[in-house]
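The structure appears right after this line, and notes come after that.
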Amino acid sequence: MEGDNVYVYKVDKENTVKKVPVEIGLRKKGIVEIKSGLETGDKVVAEGLKKTRPNGKIKPIKYGTKQKASSWKKKVNQLKPKQKKVSLIG
């Protein structure tokens, strides 16, 4: 939600996400009715929204399946060499 507007991230055939405005209807625990903005068969992002960006690529997983570990390549932190403290005695 942004103000009074409600959006979902819709996934296209190339696994690119688009931010799409939707109109919601009834809500129950874990279920939200979408009255307009999506068509039958549209795929939407349900988890991982913090990492999702408009026009970004995703790797979708099938509903009901969970990966044990991420298949995304992780960035390796480049650590700076430790600096030695030098005391000057005068």
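Quick caveat: nothing in here was measured; it's all calculated off a predicted structure.
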Closest contact, heavy atoms only, [X] versus [Y]:
| X | Y | value |
| --- | --- | --- |
| Tyr9 | Arg53 | CE2-C, 4.4 Å |
| Gly25 | Lys35 | CA-CD, 3.5 Å |
| Val17 | Val11 | CG1-CG2, 4.0 Å |
| Lys57 | Glu14 | NZ-O, 2.7 Å |

Requested in this report: Decide if atom CD of Glu39 counts as having more than 12 heavy atoms of other residues, nucleotides or ligands within a radius under 6.0 Å.
Outcome: no

Requested in this report: Check step by step if side-chain contact (heavy atoms from CB on, under 4.5 Å) holds for Ile34 and Glu23.
Outcome: CA-CA 6 Å; Ile34 303 294; Glu23 180 186 355; over 6 Å; no

Report summary line: Distance col, row Asp12:CG vs Asp42:CG, nearest 0.5 angstrom, shows 10.5 Å

Query raised in the report: Could you give the distance from CD1 (Ile31) to CD (Glu33), rounded to the nearest 0.5 Å?
Result: 11.0 Å

Query - Test item: Lys59 side-chain N/O and Asn15 main-chain N/O as donor-acceptor pair under 3.5 Å - result: no

